[in-house]
Asks: 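Please read through the structure below; I'll follow up with questions.
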2 protein chains.
Amino acid sequence: MNGKKGSVEIDILHVGPTKVALPDSAGKSFGDGATSCLDLARNVYDFCKEDVNRLIFSLKVGLAVLLVSLLILVRAPYEVFGSSIIWAILTVAIMFEYTVGATFNKGFNRALGSLLAGVLAITIAQIALHSGRVGEPLIIGISIFFIGAVTSFLKQWPSMTPYEYGFRVVLFTFCLIIVSGYRMGNPTRTAMDRLSSIVIGAVVTLLVNVLVFPIWAGEQLHRELIRSFDAVADSLEECVKKYLSEEGSEVPEFEKAVKDELVDEPAFQRCRSTLNSASKLDSLANSAKWEPPHGKFSHFFYPWAEYVKVGAILRHCAYEVMALHGCLHSEIQAPYNLRIAFQSEIQDAASHAAELVRSLGKDIGSMKLSLQASLLEKVHCSTEKLQRSIYTHSYLLIAGHGSVEASGPTLAAPDTCKHLAEAPRDLSVNTPNGSETCYELMKKQHRKLHSWPSREVDEFEEDAAMVSLLPRMKMLESTTSLSLATFTSLLIEFVARLDHLVDAVNKLGKLANFKN
Amino acid sequence: MNGKKGSVEIDILHVGPTKVALPDSAGKSFGDGATSCLDLARNVYDFCKEDVNRLIFSLKVGLAVLLVSLLILVRAPYEVFGSSIIWAILTVAIMFEYTVGATFNKGFNRALGSLLAGVLAITIAQIALHSGRVGEPLIIGISIFFIGAVTSFLKQWPSMTPYEYGFRVVLFTFCLIIVSGYRMGNPTRTAMDRLSSIVIGAVVTLLVNVLVFPIWAGEQLHRELIRSFDAVADSLEECVKKYLSEEGSEVPEFEKAVKDELVDEPAFQRCRSTLNSASKLDSLANSAKWEPPHGKFSHFFYPWAEYVKVGAILRHCAYEVMALHGCLHSEIQAPYNLRIAFQSEIQDAASHAAELVRSLGKDIGSMKLSLQASLLEKVHCSTEKLQRSIYTHSYLLIAGHGSVEASGPTLAAPDTCKHLAEAPRDLSVNTPNGSETCYELMKKQHRKLHSWPSREVDEFEEDAAMVSLLPRMKMLESTTSLSLATFTSLLIEFVARLDHLVDAVNKLGKLANFKN
């Protein structure tokens, strides 16, 4: 993790290979012929303001290379270690990562790799030394080939891939020590010099990284997870709001949806980046494990892995939001007046669910466990109300169907939730056109409907044979109405998954000693 | 891209931070105390057999380091370049990537970075040389700090992130040249020696990578895309098959679904890895752009970017498959007999759609454009049949509803598709229990139903007041039946998106000169 927000949020849907999903600084690029110097300066300023850690990180790298270069410039260490001291610089440049944890992790890889390579190289060099003038280069050559092939093979093995960098270090350290040892005659000395200058570089890197404005992977992971909760909640509300608004019924161009150019849906884009953040959370949690206790996370063995689990369950919920969004931009749309008929129930269920998600995120943020029971009950209650309403008015969902009576039975409500009992509703109340019935409105709207398959509907418009058209239109209307059922089913499934999310957050709270 | 299949398919849902989504070699790990040597050997053999390129790549790396080490062992180049020649080894170890394109790309980064750093270092060193004994280290120190900070800042800039490696190269090459130049007195000589040994290393790397069993990124991209088509088609069929089979009605544990442990659904896992392969396709396409024409891809400027676009639209279709899969494992399930009532229509639509997707994949694979018109028509036809059937029998979807008559009107079928006209069906034919009606069966099944909210249903079972239970049960049944509507809507939406997929493949075919 090195602060490259834009590049980490790899965009599942984005099309152009060079386009990167950017945060607020979207679309800025260096060297954009027309941008004046002033514009560039403003862009840079915005970029730093967005996350001041970016600037801090840069200055820290500068400081670290300066410190290690000073070691060489002041002459004393140079005389002790000779030209090997330049390895200290190389170590800083390669090892310095964005977060403390990632730096520790890379340092571990480098240290273990160098040590392993050193031991191997010295052993083989000693064997080679005693094999005569012909045998020596032969043994060295074969060992180089062997180490090259084995490290390259091992790093492809699935359980070894996290240590890919370590294997590279083994390979080149081994080659360098054994080859220059062969030329300079004292492999042990070469190895020791190199190892000690690498240690110097590593120590400087770690000290600067930990002591000067440390950027903790744990802190980043914590904030990232909270942000994901907000993104899912916002996206759910945005999606439902659009679904219930008039514009929602317009199907955007397919190309736009694929190319991620739905600029008016910022929350959806954040939600999608949540779906793609699995690898980000993973690598942050991996780095965080290497960090000592710090700040809010004050006890050893803080359960970072639990963060990843909560993230996974949150993503599982977010899949439903993606599906809801798919409904919103589907080519088959329920008519506006039908959607509006269930407006209050859908809105209630969605806003309560979003509130619950947001409150869970807040709990993690403040590291306090509040009682979610009442919120959860509210969500269940409003979802049940939605279910009941769909049941009571399910005749609307097959409105094209001639034989259905336009009234549902009134239910005797159980006592768990209030306001559940309701009379079959008169659709005309909610529509702008006054006294028209739902069925008539639908008839009127049928030309506007983007029903599938659009191609064949076009063919029909050329066709004047209205005789066979009517039942077919009815059929399409029926399918479009069922799209509302799809939307509500998905919403209900989302709520059903929230139970598991609450459990997961509670478990995290227990393991991480959140206050009650 | 370096062949680490397992690590590339980062798993959106996987929970444990150490678990990696593996190909067939899942679960193998080195050092598993109990595995005997024989087991290990067999695992390694399987791992290589799965993709023989892994072995080839390893041997190639061995060969390249051996070749470059020989340059030093044979003495002549060593005498010309001195100890700088070890940079050739470093270059090979760092630059050697899995595919030809990625190696070219990294080589470009390294070359440009080294060149830039060399020019900068020599310029600043010359300035420093003329600034007196006090000024020299001061200027060098400031320039090192400045370069460290600027390169670290630039590599975080979104449009610069692909060149991250280049910036690292600039930083350490600059430091090395300027520092060792200061100590050794001739920065230009140091820079030139280093540059030429880097060139030697780069040339060896490129020659070995291109001439010895080259692994082309373009080839990999081509195969990856075809595999994605198959994965989506297989997954669709698997999902529909499970939905229509008896076991499909059992809801798996939520934990299992989140943890990706649905072992009996291999195609689903492949489909999900397709969804996560966006970054893989992207980076392969990026690498492929660097490759010269080769094999089947024999003309310059082959449209690799178009592959990424087709992949994006395929993923857009795959989202619907994910949603279908969500339905399959949803906590709210349509009763089995209702699902089976629409069996033939659902199966027809799904298998025709899968056939179309598979045939598109085959077209790309053979680089020939076959006429998809008849297949597309078949798909449309069977989907329309499904729509019609849902319409005709939509009274079944609100079966809990007392006031609905148990028969729909028979439609006069238009002539476009055959077999569309059908009588209202008798559900009892398809169910094992002979003459029972759908409604009665549902009543029987209601205890088995995993309807939401499960907690409250449990409460009911303790409650003996059956009076308020009955309407409530009916309501839940109604919602469960609507889940079938959700499933079919999603299936129809999937088919609707196939039109765009066909268009995208045709466009790719035109740009890439596929045969007709």
Side-chain angles (χ1 to χ4, degrees), chain A residues 3-4 6-7 10 12 15 17 20 22 29 54 58 61-62 65-66 69 72-73 86 89-90 93 137 144-145 148-149 152-153 156 158-159 161 171-172 175-176 179 254 258 278-279 285 309 312 316 323 330-331 387 391 394 398 411 414 452 468 471 475 478-479 482 485-486 489 493 496 500, chain B residues 3-4 6-7 10 12 15 17 20 22 29 54 58 61-62 65-66 69 72-73 86 89-90 93 137 144-145 148-149 152-153 156 158-159 161 171-172 175-176 179 254 258 278-279 285 309 312 316 323 330-331 387 391 394 398 411 414 452 468 471 475 478-479 482 485-486 489 493 496 500:
Chain A
K4 306 167 292 182
S7 71
I10 294 157
I12 280 206
V15 171
V20 189
L22 302 184
S29 83
R54 288 169 178 160
S58 309
V61 176
V65 282
L66 178 65
S69 301
I72 301 169
L73 293 175
I86 53 175
I89 299 184
L90 204 70
I144 287 177
F145 175 80
S152 307
F153 186 77
Q156 295 177 71
S159 57
T161 41
L171 174 58
F172 71 67
C175 291
L176 289 176
V179 166
F254 181 82
V258 175
S279 56
K309 279 184 202 165
H316 211 64
S330 156
E331 311 214 352
Q387 269 185 312
Y391 166 64
S394 54
I398 48 164
L411 288 175
W452 186 89
S468 71
M475 184 187 86
S478 152
T479 326
L482 282 177
T486 307
S489 293
E493 175 68 18
H500 300 280
Chain B
K4 305 166 291 182
S7 71
I10 294 158
I12 281 207
V15 171
V20 189
L22 304 183
S29 81
R54 289 168 178 160
S58 309
V61 175
V65 282
L66 178 64
S69 301
I72 300 169
L73 293 174
I86 52 174
I89 298 184
L90 204 72
I144 286 176
F145 175 81
S152 306
F153 185 78
Q156 295 176 69
S159 57
T161 41
L171 174 60
F172 71 67
C175 291
L176 288 176
V179 166
F254 181 82
V258 175
S279 56
K309 280 185 202 166
H316 211 64
S330 157
E331 310 214 354
Q387 270 185 311
Y391 166 65
S394 54
I398 48 166
L411 289 173
W452 187 89
S468 71
M475 185 187 87
S478 151
T479 327
L482 282 177
T486 308
S489 293
E493 174 68 19
H500 300 281

Asks: With a 4.5 Å cut-off on heavy-atom pairs, point out which of B:G148, B:A149, B:P137, B:A323 contacts chain A the most.
Replies: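 Result: the option with the highest number of such pairs is B:A149.
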Asks: Show the nearest heavy-atom pair for residues A:I89 and B:C175, with the distance to one decimal.
Replies: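 Of all heavy-atom pairs spanning A:I89 and B:C175, the closest is CG2-CB, 3.2 Å.
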Asks: Please give me the minimum heavy-atom distance between B:F172 and A:A93, naming the atom from each residue.
Replies: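 Looking at all heavy atoms of both residues, the closest pair is CB-CB, 3.5 Å.
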Asks: Might you point out which heavy atoms bring A:S69 and B:I144 nearest each other, and give the distance in Å?
Replies: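 Looking at all heavy atoms of both residues, the shortest contact is OG-CD1, 3.2 Å.
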